[in-house]
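Report on one structure; see the data block that follows.
When reading the values below, keep in mind they use all heavy atoms of this one structure, side chains included, and skip hydrogens, waters and symmetry mates. Labels below follow one simple rule: chain letters A, B, ... track the order of the sequence lines, proteins then strands, and each chain is numbered from 1.
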Amino acid sequence: MSDEANKTTAEDEKLKTPSNFIKDIINEDMRTNKHDGRINTRFPPEPNGYLHIGHAKSICLNFGLAKEYNGVTNLRFDDTNPCKEETEYVESIKEDVSWLGFDWQDREFFASDYFGQIYEWAIKLIKMEKAYVCDLTADEIRQHRGTLKEPGMESPYRYRPVEENLDLFARMKKGEFPDGSRTLRAKIDMASPNLNMRDPVLYRILHAEHHRTGNEWCIYPMYDFAHGQSDSIERITHSICTLEFEDHRPLYDWFCDTLEIFHPQQIEFARLNITYTVLSKRRLLQLVQEEHVESWDDPRMPTISGLRRRGYTAEAIRNFAERVGVSKAESMVDLALLEFCVRENLNKTAHRVMAVLNPLKVTIVNYPDGQEEMMEFVNNPENPDDGTRLVPFAKEIYIERTDFMEDPPKKFYRLSIGREVRLRWAYVIKCVDVVKDPNTGEVIELLCEYDPLTKGGNTPDGRRIQGTIHWLSVKHAQELEVRLYDNLFMKENPNEVEEGKTYLDNINPDSLSIIRAKVEPSLRSAKPGEKYQFERLGYFCVDSKHSKPNEPVFNRTVTLRDTWAKIAAK
RNA sequence: UGGGAUGUAGCCAAGCGGUAAGGCAUCGCCCUUUGGAGGCGACACGCGAAGGUUCGAAUCCUUCCAUCCCAGCCA
């Protein structure tokens with residue numbers, strides 16, 4: 001093979017799989033045959049909320065890496081806190097991961113599956129004199145922990161004999177003690193500059209019903225004492241998490257080393273942030289609970305289910321995840337990139353249809369009364385195989401109110417008195433007069449003439465028509481509900497607030513507007529989940545919650561890119 | 001001098017001692033029966049700053065600056 005060919009191949013390869021620091025690590029591991037070339041990642045959500053687009057980035061990363069290196073990915077629910085976790089959440093998480101296009105096959109696990117083993121490991125640590133039962137209250141533990149700059153103090157219970165620890169821990173498990181009365185702690189270093197190493201709590205007493213283990217346990221392991229061990233049990237090779245766990249890595253390593261168990265490598269990357277939205281489960285939960293939005297899957301929510309209902313496709317989200325990249329630099333990605341990704345995807349697949357959001361009636365004065373014609377529309381110019389359909393035309397039509405201006409500015413090439421415009425796939429019309437409301441002066445109707453020679457929108461005389469607008473026959477138009485969405489937050493970074501305010505003060509009061517719009521007849525029977533482009537307006541998706549048979553409700557996924565809006569704004 | 005991390009364009013992000021990829025956004029032009037889509041082009045004399053090493057530095061060294069994370073019996 002020539003050098004030239006080699007070079008091209010290498011470059012193609014690079015384009016397909018953008019490099020990132022995690023791949024660098026894996027490549028090195030592959031080179032040294034670290035796990036016999038085996039790659040096993042995992043996606044470990046806590047079932048305490050719905051997945052959002054930040055999780056999608058992690059899902060795409062974990063499943064994507066495994067796929068690329070011929071490995072596998074486990075879905076593991078990190079369910080060590082029964083107070084916050086619910087079965088509803090595990091169901092939604094499974095649905096969302098599948099919908100995104102990933103398959104964990106039979107590798108569905110729960111940290112709670114390992115409670116027995118984790119308990120045994122706790123006993124092992126006690127026997128090694130590396131763990132002890134502590135009777136300090138939560139408050140006292142905090143006081144003993146010291147501060148960021150000062151070392152902590154050892155617990156008075158730190159040197160309890162092994163036998164006493166064993167006995168107490170067994171009785172904790174049996175339920176002899178009330179919540180919060182005792183904990184099991186690791187014996188590490190109260191003077192460590194890393195607070196996570198200052199005798200972290202391993203187990204706490206929680207008489208709470210667990211969504212899977214019920215009342216079998218009343219002591220539950222903390223994240224730090226469950227996560228790495230779960231990774232280890234599953235023989236995860238690369239345990240990818242977000243930056244805030246960087247400080248936990250020494251602890252993660254300490255447990256694996258001390259327990260002498262399989263030692264996965266924890267790797268941290270920067271979580272996703274997107275402008276004009278919040279991406280934390282705590283905040284999303286608050287938005288739901290305080291009813292700032294309808295539900296977790298409200299189309300304004302950045303949740304996977306919200307985006308799905310809004311009309312986003314899994315492919316668009318996957319492309320987005322790839323485009324934002326993976327690094328350790330904290331960042332705030334422009335919402336415009338996400339929107340670009342849906343448009344890019346929907347442009348190729350969505351059928352074009354006519355809808356008029358804000359109708360203005362037009363009477364074509366020289367069109368025969370009572371006459372109707374069927375006009376042939378191209379379903380998708382991006383894909384001729386999608387064919388054509390027939391749409392009725394008549395003397396009275398609706399056009400978009402914004403497509404007419406009495407006193408048009410320069411470069412406005414839509415309708416105005418004396419000007420011509422093309423009705424998409426129909427006729428060229430010229431506005432000859434307007435009818436105004438005698439009281440308000442508002443234009444309520446346009447009187448136009450059509451050119452019978454321009455059927456289909458063609459101009460046999462070769463005359464150039466600048467503007468093409470969408471329209472609907474008054475008689476045939478259907479009126480349906482359309483929901484227009486705007487950003488849920490008014491600020492690029494909703495978390496940036498003045499003294500005394502919270503991100504909730506940045507909520508956009510106009511993030512949802514519900515209107516009745518005119519649509520072409522075929523849309524009456526549109527089914528939930530179906531996606532369309534309303535020509536010149538945007539992409540719309542039939543809502544899965546509010547639609548009824550023959551009464552679909554449309555959600556605007558995203559507007560079309562609007563060059564005119566930019567010109568008009570100048 | 002608590003500890004841990006990060007600074008490359010408006011926003012992301014490659015780059016791994018050989019002279020700044022790519023995407024989004026933006027701005028031009030072309031094309032167009034969607035002011036959509038598409039095509040072409042422009043867009044860092046510069047890599048947080050200052051010194052140093054080197055024939056050569058975004059890459060190595062030193063110092064400084066900025067930002068983020070950590071004091072849950074949350075994950």
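Aromatic ring pairs are classed by plane angle as parallel below 30°, tilted from 30° to 60° and perpendicular above 60°; the pair A:Trp217 and A:Phe115 is perpendicular. Ring planes of A:Tyr114 and A:Phe109: tilted class, angle from 30 to 60°.
Under 4.0 Å is where a charged nitrogen must lie from a carboxylate oxygen, and between A:Asp231 and A:Arg76 at least one such pair does. Salt-bridge check for A:Glu46 with A:Lys281: failed, with every basic side-chain N at 4.0 Å or more from each acidic carboxylate O. Between A:Glu315 and A:Lys348 no salt bridge is recorded (no basic side-chain N to carboxylate O distance below 4.0 Å). Note on A:Arg424 versus A:Glu535: salt bridge recorded, some NZ/NE/NH1/NH2 to OD/OE distance being below 4.0 Å. By the 4.0 Å N-to-carboxylate-O rule, A:Glu400 lies too far from A:Arg536 to be salt-bridged with it.
In this structure, the CG atom of A:Asp189 is 12 Å from the C1' atom of B:rG3, given to the nearest Å. What separates CG of A:Asp247 from C1' of B:rG4 is a distance of 5 Å, to the nearest Å. The distance from atom OH of A:Tyr220 to atom P of B:rC73 is 18 Å, rounded to the nearest whole Å. Between A:Arg422 atom CZ and B:rG35 atom C1' the separation is 13 Å, expressed in whole Å. B:rU67 atom P lies 13 Å from atom CD of A:Glu496, rounded to whole Å. As rounded to whole Å, 15 Å separates atom C1' of B:rG2 from atom CE of A:Met190. Summarising the geometry, the separation between NZ on A:Lys328 and C1' on B:rA13 is reported as 16 Å, rounded to the nearest angstrom.
For the pair A:Arg463 and A:Asp451, the minimum side-chain heavy-atom distance is below 4.5 Å. Looking at A:His211 and A:Tyr89, their side chains never come closer than 4.5 Å, going by heavy atoms from C-beta outward.
Residues A:Tyr252 and A:Ser239 come closest through the heavy atom pair OH-CB, 3.5 Å.
Not counting sequence neighbours, the partners of A:Tyr539 by the side-chain hydrogen bond (donor to acceptor under 3.5 Å, both in side chains) test are A:Gln533. A:Gln143 is linked by a side-chain hydrogen bond (donor to acceptor under 3.5 Å, both in side chains) to nothing, counting only residues two or more places apart in sequence or in another chain. Evaluation of the side-chain hydrogen bond (donor to acceptor under 3.5 Å, both in side chains) rule for A:Tyr503 yields A:Gln286 as partners, not counting sequence neighbours.
Side-chain N/O atoms of A:Asn48 and base N/O atoms of B:rC74 include no donor-acceptor pair closer than 3.5 Å. At a cut-off of 3.5 angstrom, counting only N and O atoms as typed in the model, there is no donor on one side facing an acceptor on the other between the side-chain of A:His144 and the base of B:rA71. With hydrogens and angles ignored, a donor-acceptor pair under 3.5 angstrom links the side chain of A:Glu382 to the base of B:rG36. A:Glu330 contributes no side-chain N or O that forms a donor-acceptor pair with the base of B:rU67 under 3.5 Å. Between the base of B:rG35 and the side chain of A:Asp562 there is no donor-acceptor pair shorter than 3.5 Å.
Counting any heavy atom pair closer than 4.0 Å across all strands shown, A:His470 reaches no nucleic acid atom. Contacts of A:Ser331 with the nucleic acid, taken as non-hydrogen atoms under 4.0 Å apart, involve only primed sugar atoms and P, OP1 or OP2. Among the atoms of the strands shown, none is found under 4.0 Å from any heavy atom of A:Val378. Residue A:Ile465 is out of contact with every strand shown, counting any heavy-atom pair closer than 4.0 Å. Using a 4.0 Å heavy-atom criterion, one finds that A:Arg182 contacts no nucleic acid atom at all. A:Tyr203 comes within contact range of no nucleotide atom at all, as no heavy-atom separation falls under 4.0 Å. Base contact: A:Thr147 has a heavy atom under 4.0 Å from a base atom.
Distances from the side chain of A:Tyr413 to the nucleotides B:rG35, B:rA75, B:rU34 place B:rG35 closest. With B:rG36, B:rA14, B:rC74 as the candidates, the nucleotide lying closest to the side chain of A:Asn20 is B:rA14. Comparing atom distances between the A:Met332 side chain and each of B:rC73, B:rC12, B:rG35 picks out B:rC12 as nearest. Considering only side-chain atoms of A:Lys411, the nucleotide from B:rG35, B:rA13, B:rC73 that sits closest is B:rG35. For A:Glu46, taking side-chain heavy atoms from C-beta onward, the closest of the listed nucleotides B:rC74, B:rG35, B:rC12 is B:rC74. The listed nucleotides are B:rA75, B:rG2, B:rG35; the one nearest the side chain of A:Leu148 is B:rG2. Checking B:rU34, B:rC74, B:rA71 against every side-chain atom of A:Gln533, the shortest atom distance belongs to B:rU34.
A distance of about 13 Å separates the P atoms of B:rA14 and B:rA9, rounded to the whole Å. Atom name P, nucleotides B:rC24 and B:rG2: the rounded distance is 46 Å, in whole Å. Across B:rC11 and B:rU34, the matching C1' atoms stand 28 Å from one another, rounded to whole Å. Here the separation of B:rG10 from B:rU6, taken at their P atoms, is 23 Å to the nearest Å. B:rU62 and B:rU54 have their C1' atoms separated by 16 Å, with the value rounded to a whole Å. Nucleotides B:rA57 and B:rU1 are separated by 28 Å at their C1' atoms, to the nearest Å. Across B:rC29 and B:rG22, the matching P atoms stand 23 Å from one another, rounded to whole Å. Taking the P atom of each, B:rG46 and B:rA5 are spaced 31 Å apart, rounded to whole Å.
At B:rC12, none of the side-chain N or O atoms of A:Arg323 fall inside 4.0 Å of OP1 or OP2 (strictly under the cut-off). Residue A:Thr80 places at least one side-chain N or O closer than 4.0 Å to OP1 or OP2 of B:rA75. In terms of phosphate contacts, A:Arg145 brings a side-chain nitrogen or oxygen within less than 4.0 Å of OP1 or OP2 of B:rG72. Note on A:Arg249: every side-chain N or O is 4.0 Å or more away from OP1 and OP2 of B:rG4. Contact check, A:Ser19 against B:rA14: no side-chain N or O comes under 4.0 Å of OP1 or OP2.
By the 5.5 angstrom centroid cut-off and the 30-degree plane limit, A:Tyr223 is classified as not stacked against the base of B:rA75.
For the 3.5 Å distance criterion, the side chains of A:Thr242 and A:Glu244 qualify, holding a donor opposite an acceptor.
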Enumerate the protein-to-nucleotides 25-31 of chain B contacts in which both atoms are nitrogen or oxygen and the separation is below 3.5 Å.
| from | atom 1 | to | atom 2 | distance (Å) |
| --- | --- | --- | --- | --- |
| B:rU26 | OP1 | A:Lys566 | NZ | 2.8 |

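Ring-centre distance between A:Trp121 and A:Phe225: not below the 6.0 Å cut-off.
Near RNA chain B, defined here as any heavy-atom distance below 4.0 Å, the residues from residues 193-200 of chain A are A:Pro193, A:Leu195, listed numerically. In the region residues 131-138 of chain A, proximity to RNA chain B at under 4.0 angstrom, judged on heavy atoms, holds for A:Leu136, A:Thr137, A:Ala138.
Against the 90° criterion about 0, the sugar-base torsion of B:rG72 places it in the syn range.
For A:Lys430, the NZ atom sits in a loose shell: 12 or fewer heavy atoms of surrounding residues, nucleotides or ligands are nearer than 6.0 Å.
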